[in-house]
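Just the heavy atoms: all of them, side chains too, but no hydrogens, waters or symmetry mates, feed the values below.
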Number of protein chains: 2
Amino acid sequence: MDRLDKKILRLLQADSTLAVADVAKRVGLSTTPCWRRIQKLEEEGVIKRRVAILDPDKVNTRVTVFVSIRTNSHSTEWLKRFSEVVITFPEVIEFYRMSGDVDYLLRVVVPDIAAYDAFYKRLIEKIEIRDVSSAFAMERIKSTTELPLDYMVFDKETRDA
Amino acid sequence: MDRLDKKILRLLQADSTLAVADVAKRVGLSTTPCWRRIQKLEEEGVIKRRVAILDPDKVNTRVTVFVSIRTNSHSTEWLKRFSEVVITFPEVIEFYRMSGDVDYLLRVVVPDIAAYDAFYKRLIEKIEIRDVSSAFAMERIKSTTELPLDYMVFDKETRDA
DNA sequence: GGTGAAATTAGGCTAAC
DNA sequence: GTTAGCCTAATTTCACC
């Protein structure tokens with residue numbers, strides 16, 4: 001990977017509908033090598049997928065809730081089942097195991113607070129959870145799928161190929 | 001919007017490289033009306049964009065940090081500048097104004113803890129921030145761009161067209 | 001609303017240099 | 001890396017249900 005790949009990724013992260021010829025032009029390459037580079041980036045898994053991004057308002061998922069969960073005194077068994085159950089909820093957009101105070105953090109999207117309550121009830125119906133705290137987002141100031149490319153490593157081989 | 005639109009959105013949220021003819025087949029439609037529906041969904045802004053999703057590992061942004069910020073005693077002036085500054089950092093992937101205990105929540109991606117420290121220094125160089133607390137993700141259990149479509153409202157008009 | 005056919009054009013992909 | 005061309009598939013338009 002080099003600077004041209006980086007430029008290509010920057011463009012496709014912002015808009016994957018760009019034609020190869022357009023990408024090539026903006027990157028300062030002709031279409032064939034640009035096409036080959038994109039193919040390679042896909043083969044290597046640098047580009048994982050291309051997806052459509054929907055407007056949360058338009059599909060009635062205006063409200064984002066961050067759910068913090070503490071699980072100190074649970075069994076390994078429980079932890080396994082916990083993850084499995086949580087993953088199945090489509091409202092759970094992100095789910096991390098954390099260090100520090102909170103053990104797990106969820107980002108959940110729902111239409112409104114009532115729907116969150118319903119989601120929450122469905123969740124604790126499936127697994128007992130001891131310590132949960134929910135924080136509601138009032139305003140989405142920034143939300144992007146574009147990763148920063150400033151940390152990319154340029155080498156013969158991809159960092160962990 | 002109806003059930004067919006929902007099916008189309010479900011497919012394109014997962015993979016936007018699908019040919020219109022493929023989408024049509026899976027949805028049980030012929031290509032022309034399927035194509036028209038997709039066009040309409042784009043015009044209406046239900047589909048906001050199509051983007052390439054990169055592998056965080058491959059672009060060296062393995063580490064996710066959630067940054068909680070409390071700003072109780074700051075001026076309106078400061079709040080405005082705060083938002084403007086934070087947005088400019090490409091490491092900040094998500095940025096919400098919250099209700100409750102924490103005032104702002106950031107999701108930041110960086111290569112490692114050292115890079116987070118550097119990011120943090122660059123941030124507080126640009127704006128003074130009083131109460132910051134950082135929580136590191138140990139494991140990404142789920143992370144998706146697919147919004148749940150179960151809450152979609154089917155009407156003559158889009159809910160808030 | 002829907003189907004199916006056909007024409008046009010854009011763009012992915014290949015080949016040859 | 002380039003230029004040129006093939007050829008699939010997207011995008012229209014059509015007639016019709």
Side-chain angles (χ1 to χ4, degrees), chain A residues 1-55 58-60 145-146 149 152-158 161, chain B residues 1-55 58-59 145-146 149-150 152-161:
Chain A
M1 292 204 287
D2 60 7
R3 273 139 227 286
L4 288 178
D5 285 329
K6 183 170 160 181
K7 280 189 182 180
I8 291 170
L9 292 174
R10 198 181 298 288
L11 289 168
L12 294 181
Q13 271 203 120
D15 180 6
S16 68
T17 67
L18 281 173
V20 177
D22 284 344
V23 176
K25 199 166 296 174
R26 299 192 201 196
V27 164
L29 220 54
S30 57
T31 76
T32 307
C34 183
W35 179 83
R36 279 198 287 247
R37 280 167 180 269
I38 294 171
Q39 292 299 310
K40 191 145 179 286
L41 290 167
E42 279 170 351
E43 276 165 29
E44 286 171 344
V46 182
I47 297 175
K48 283 206 301 186
R49 51 208 347 237
R50 292 151 183 264
V51 303
I53 301 296
L54 309 188
D55 184 329
K58 299 285 169 60
V59 297
N60 200 22
T145 55
E146 296 178 38
L149 300 180
M152 274 177 66
V153 179
F154 300 145
D155 258 344
K156 315 97 224 238
E157 302 298 322
T158 306
Chain B
M1 293 204 288
D2 61 8
R3 273 140 226 286
L4 289 177
D5 284 328
K6 184 170 159 180
K7 280 188 179 178
I8 292 170
L9 292 174
R10 198 180 300 287
L11 289 168
L12 294 181
Q13 271 203 120
D15 180 6
S16 67
T17 66
L18 281 173
V20 177
D22 284 345
V23 175
K25 199 167 294 175
R26 298 192 201 198
V27 165
L29 221 54
S30 58
T31 75
T32 308
C34 183
W35 179 83
R36 276 198 295 248
R37 279 166 180 269
I38 294 171
Q39 292 301 310
K40 192 147 178 283
L41 289 166
E42 279 171 350
E43 278 166 27
E44 286 172 344
V46 181
I47 297 174
K48 283 206 301 186
R49 49 206 352 235
R50 290 151 184 266
V51 303
I53 302 295
L54 309 187
D55 185 329
K58 299 285 170 59
V59 296
T145 55
E146 296 178 37
L149 300 179
D150 310 307
M152 274 177 65
V153 179
F154 300 146
D155 259 344
K156 314 99 226 248
E157 303 297 323
T158 306
R159 208 180 155 77
D160 41 11

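At most 12 heavy atoms of other shown residues, nucleotides or ligands fall within 6.0 angstrom of atom CZ in B/R49.
When rounded to the nearest whole Å, the span between CD1 of B/I38 and P of D/dA9 equals 15 Å. Across the protein-nucleic acid pair, A/Q39 atom CD and C/dT14 atom C1' stand 12 Å apart, rounded to whole Å. The interatomic distance linking B/I8 (CD1) with C/dG1 (P) rounds to 13 Å, in whole Å. Counting to the nearest Å, the C1' atom of C/dA10 and the NZ atom of A/K25 are 13 Å from each other. The CG-P distance, from A/D22 to C/dG12, rounds to 9 Å in whole Å. Computed from coordinates, the B/K40 NZ to D/dT11 C1' distance equals 19 Å when rounded to whole Å.
At the phosphate of D/dT11, OP1 or OP2 sits under 4.0 Å from a side-chain N or O atom of B/W35. Within the structure, every side-chain polar atom (N or O) of B/R37 is placed at least 4.0 Å from both OP1 and OP2 of C/dG1.
Rounding to the nearest 0.5 Å gives a distance of 8.0 Å between CG of A/D2 and CD1 of A/I8.
Of all nucleotides listed (D/dG1, C/dC13, C/dG4), C/dG4 comes nearest to the side chain of B/S30. Taking every side-chain heavy atom of B/A19 into account, D/dA9 is the closest of C/dT3, D/dA9, C/dG12.
The heavy-atom pair separating B/R10 from B/D150 by the smallest distance is NH2-OD1, 4.4 Å. Between A/S16 and B/A52, the shortest heavy-atom contact is CB-N, 3.6 Å.
Side-chain atoms of A/T32 come within donor-acceptor range of the base of D/dT3, with a qualifying N/O pair under 3.5 Å.
Within the nucleic acid shown, B/R36 comes within 4.0 Å of at least one base atom, counting heavy atoms only.
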